[in-house]
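Structure record follows, encoded as structure tokens.
Position 1 is the first residue of the sequence, and the numbers go up from there. Both backbone and side-chain heavy atoms feed into the values below; hydrogens, waters and symmetry mates do not.
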Amino acid sequence: MLSTKSFISIATILSTVLFTGCSAVGQNGRTVQAVYLGVEGYGLPETTKENKDEFLYRFDVAGGEKKYKIANGTRDENGNYDYPIQNILKEGYSYTVTIEDETVTAAEEIGEDKTVYTPTVTGTPGERTLLNFLKTALMPAGTTLYIYGGGWDWQDEGTAIQARTLGVSNDWVSFFSEHDENYTYKEPDGDESKADPTQSYYPYGGYNEYYYAGLDCSGYLGWALYNTFETESGQAGYVGGSTKFAKRLSEKGFGEWTQDIKAPDGKNGYEMKPGDIMSINGHVWISLGTCKDGSVVIMHSTPSRSRSGQPGGGVQISAIGADINCEAYGLADQYMSEYYPEWYKRYPIYLCDPDTYFAFEGEDAGRFTWDADEENSRIKDPDGLQNMTPEIVLDLLFNESA
């Protein structure tokens, strides 16, 4: 029986009806059609990353549940497996699987009707300009929910397939469409006393069972950079830890990193240019620039509260400011309500506390700014966005794409 947290589209159900129960003997084992149901014992204290190589996995085959091991793939020089099959399995989706000695040795997703989604703002893969980076970063906005570990691979060590693929993943769109304002990324109401790891999307066990369903903050940045720099899917990914994300870009020679983020004398707040990437402890976000009153418009993936009070959220335009009367909040509200109405029905604008979003400790967090005017810069700024206000930047991003 499917878990209550499973999500299955009508097309998936139809494909299950049509294809489960079929089997054939392959050259190296038998082949069956099956719906993936998840890890056996998901959320239980003993089902953790430390013993993931011994997991059993649940499948619906011909209307009955079967449990199999899954081949863990090949080892690297450090002895770690790459888990190629685990990294394509998604709960509630249908697959053709090959089974040898009660172990799944191959799997291929069964083709089905995909959710059709056209982003409101669309970037161009491989166009390395600041304008295109920001347009690209807007593509998942308003349709991609927050998943802790989303965009990371199943083993939580690198980039997921979805974050190494061009375009907005159909998996994100489907997951968003099958939830409402009561979705929570972890515990209902954000109350730890209500935690139920067996029914949660949060990776209590240390592995990312729902890596494919949405994006966390660093998964989002990794996807945005991939879709800006690359022109084909399947290359090396850009996902990495959030706290040092900005500093890593500087270490790669992409621009300048600093912990001196105060605005120059005579100006309010903090100096954030459009396109700047800011890492604080445990979070990373993209700046759309600083308003005249010192408030800042940003893009990020964060588990903000829904209108029913549930911590769900995801990829969105937010504001950093003292209160809802700041300029940044008004701009965020204007664009999220007009261009992402379905999201806006669920989520109010998230007002980020400056004391949190500009605070950090240690040697890793800080602000990154693109060397957009340098001859050998990774990203160019021919449009002059770095000198624009958020109001002008947003108008340019949305109106040019209209």
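- With hydrogens and angles ignored, the 3.5 Å screen pairs a side-chain donor or acceptor of Tyr226 with a backbone N or O of Gly234.
- Taking the charged nitrogens against the carboxylate oxygens, Glu363 and Lys247 have no contact shorter than 4.0 Å, which rules out a salt bridge.
- At distances below 3.5 Å, not a single donor-acceptor pair connects side-chain atoms of Asp383 with backbone N or O atoms of Leu385.
- For the side-chain contact (heavy atoms from CB on, under 4.5 Å) with Tyr207, the qualifying choice from Thr48, Val39, Asp156 is Val39, the only one to do so.
- In this structure, Tyr270 has its ring center no closer than 6.0 Å to that of Tyr357.
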(request) Test side chain to side chain contact (heavy atoms under 4.5 Å, CB included) on Gln162 and Lys90 and set out the steps. (result) CA-CA 12 Å; Gln162 288 76 9; Lys90 299 170 290 190; 4.1 Å; yes
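- Atom CD1 of Ile88 is separated from atom OH of Tyr211 by 7.5 Å, given to the nearest 0.5 angstrom.
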(request) Start with the C-alpha gap between Glu54 and Lys69, add the side-chain angles, then the distance that decides, and say whether salt bridge (Lys or Arg N to Asp or Glu O under 4.0 Å) holds. (result) CA-CA 7 Å; Glu54 303 303 319; Lys69 293 193 70 173; 3.2 Å; yes
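- Ring pair Tyr146/Tyr185 is perpendicular by interplanar angle, where above 60° counts as perpendicular and below 30° as parallel.
- Annotation: side chain of Asp171 is in contact with side chain of Tyr93 (closest heavy-atom distance under 4.5 Å).
- In this model, a donor atom of one side chain and an acceptor atom of the other lie less than 3.5 Å apart for Asn87 and Gln155.
- Between Lys244 and Glu251 there is a side-chain heavy-atom pair separated by less than 4.5 Å.
- Counting all heavy atoms, side chain and backbone alike, Ile85 lies closest to Ala106 at CD1-N, 3.6 Å.
- In this structure, CD in Glu100 is found 3.5 Å from OG1 in Thr105, a value given to the nearest 0.5 Å.
- Residues Glu127 and Thr136 are not in side-chain contact: their nearest non-hydrogen atoms beyond the backbone lie 4.5 Å or more apart.
- Between Leu288 and Pro274 there is no side-chain heavy-atom pair separated by less than 4.5 Å.
- Judged by the 6.0 Å distance and 45° axis criteria, Arg346 is not positioned over the aromatic ring of Tyr183.
- When every heavy atom of Tyr68 is checked against every heavy atom of Arg30, the shortest pair comes out as OH-NH2, 3.5 Å.
- Pairing each heavy atom of Thr302 with each of Gln316, the nearest pair is O-NE2, 3.5 Å.
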(request) Could you walk me through whether Ile320 and Ile298 pass side chain to side chain contact (heavy atoms under 4.5 Å, CB included), step by step? (result) CA-CA 7 Å; Ile320 303 176; Ile298 70 172; 3.7 Å; yes
(message) If you apply the rule side chain to side chain donor-acceptor pair (under 3.5 Å), what do you find for Thr258 with Asp260, and how did you get there?
(response) CA-CA 5 Å; Thr258 182; Asp260 182 11; 5.3 Å; no
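- The pair Lys67-Glu102 fails the salt-bridge criterion, with no side-chain N (NZ, NE, NH1 or NH2) lying under 4.0 Å from an Asp/Glu carboxylate O.
- Separation of atoms OG (Ser306) and CG (Asp180) is listed at 8.5 Å; rounding is to 0.5 Å.
- Relative orientation of the Phe176 and Trp343 rings is parallel, given thresholds of 30° and 60° on the angle between their planes.
- Checked against salt bridge (Lys or Arg N to Asp or Glu O under 4.0 Å), Asp153 has no partners two or more places apart in sequence or in another chain.
- Atoms CG and CG, from Leu249 and Asp371 in turn, are 11.5 Å apart once rounded to the nearest 0.5 Å.
- Relative ring orientation between Tyr81 and Tyr83 is described as perpendicular, the plane-to-plane angle rising above 60° on a 0-90° scale split at 30° and 60°.
- The local environment of CD in Glu108 is sparse, with at most 12 non-hydrogen atoms from other residues, nucleotides or ligands closer than 6.0 Å.
- A donor atom on one side chain and an acceptor atom on the other are found under 3.5 Å apart for Asp333 and Tyr344.
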(message) Before you tell me yes or no, could you show the steps for Asp216 and Ser301 under side chain to side chain donor-acceptor pair (under 3.5 Å), namely the whole-Å CA-CA distance, both residues' side-chain angles and the distance that decides it to 0.1 Å?
(response) CA-CA 6 Å; Asp216 67 11; Ser301 184; over 6 Å; no
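- Taking the six-membered ring wherever Trp is involved, the centroid distance between the rings of Trp370 and Phe133 falls below 6.0 Å.
- Between Thr122 and Met139 there is a side-chain heavy-atom pair separated by less than 4.5 Å.
- Ring orientation note: the planes of Tyr36 and Tyr57 are tilted relative to one another, at an angle of 30° to 60°.
- Within 6.0 Å of CD in Glu391 there are 12 or fewer heavy atoms belonging to other residues, nucleotides or ligands.
- Of the inter-residue distances, the one linking Asn51 atom CG with Glu46 atom CD reads 8.0 Å to the nearest 0.5 angstrom.
- Under the 30°/60° scheme for interplanar angles, the aromatic rings of Tyr42 and Tyr210 are found to stand perpendicular.
- Annotation: side chain of Thr96 is in contact with side chain of Thr31 (closest heavy-atom distance under 4.5 Å).
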(request) Could you give me the CA-CA distance, side-chain angles and deciding distance for Tyr335 and Val297, then say whether side chain to side chain contact (heavy atoms under 4.5 Å, CB included) is met? (result) CA-CA 11 Å; Tyr335 282 90; Val297 182; over 6 Å; no
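- No side-chain donor-acceptor contact under 3.5 Å links Asp364 and Thr243.
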(message) Between Leu131 and Leu397, is the side chain to side chain contact (heavy atoms under 4.5 Å, CB included) condition met? List the steps.
(response) CA-CA 7 Å; Leu131 177 62; Leu397 288 170; 3.6 Å; yes
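- Within the 4.5 Å cutoff, side-chain heavy atoms of Pro348 are placed close to those of Arg307.
- A cation-pi arrangement is not found for Arg164 relative to Tyr238, the charged atom failing to lie both closer than 6.0 Å to the ring centre and inside a 45° cone about the ring normal.
- Between the Ser337 side chain and the Gln334 main chain, a donor and an acceptor come within less than 3.5 Å of each other.
- Of all heavy-atom pairs between Ala163 and Gly219, the closest is CB-O, 4.4 Å.
- Here Glu65 pairs with Arg58 in a salt bridge; the nearest charged N to carboxylate O distance falls below 4.0 Å.
- Considering only heavy atoms from C-beta on, Asn72 comes within 4.5 Å of Gln86 through its side chain.
- A donor-acceptor pair under 3.5 Å links the side-chain atoms of Glu327 to the main chain of Asp293, judged by distance alone.
- Residue Ser218 comes nearest to Gly240 through the heavy atom pair CB-O, 3.0 Å, listed as atom of the first residue, atom of the second, then distance.
- Tested against Trp285, the residues Phe368, Phe245, Tyr350, Phe358 include a single ring-ring contact (aromatic ring centres under 6.0 Å, His included) partner, Phe358.
- Atom NZ of Lys66 has 12 or fewer heavy atoms from other residues, nucleotides or ligands within 6.0 Å.
- The nearest pair of heavy atoms linking Ser279 to Ala246 is OG-N, 3.0 Å.
- With hydrogens and angles disregarded, a donor-acceptor distance shorter than 3.5 Å links the side chain of Ser295 to the backbone of Ala328.
- With values rounded to the nearest 0.5 angstrom, Thr129 atom OG1 is found 8.0 Å from Asp381 atom CG.
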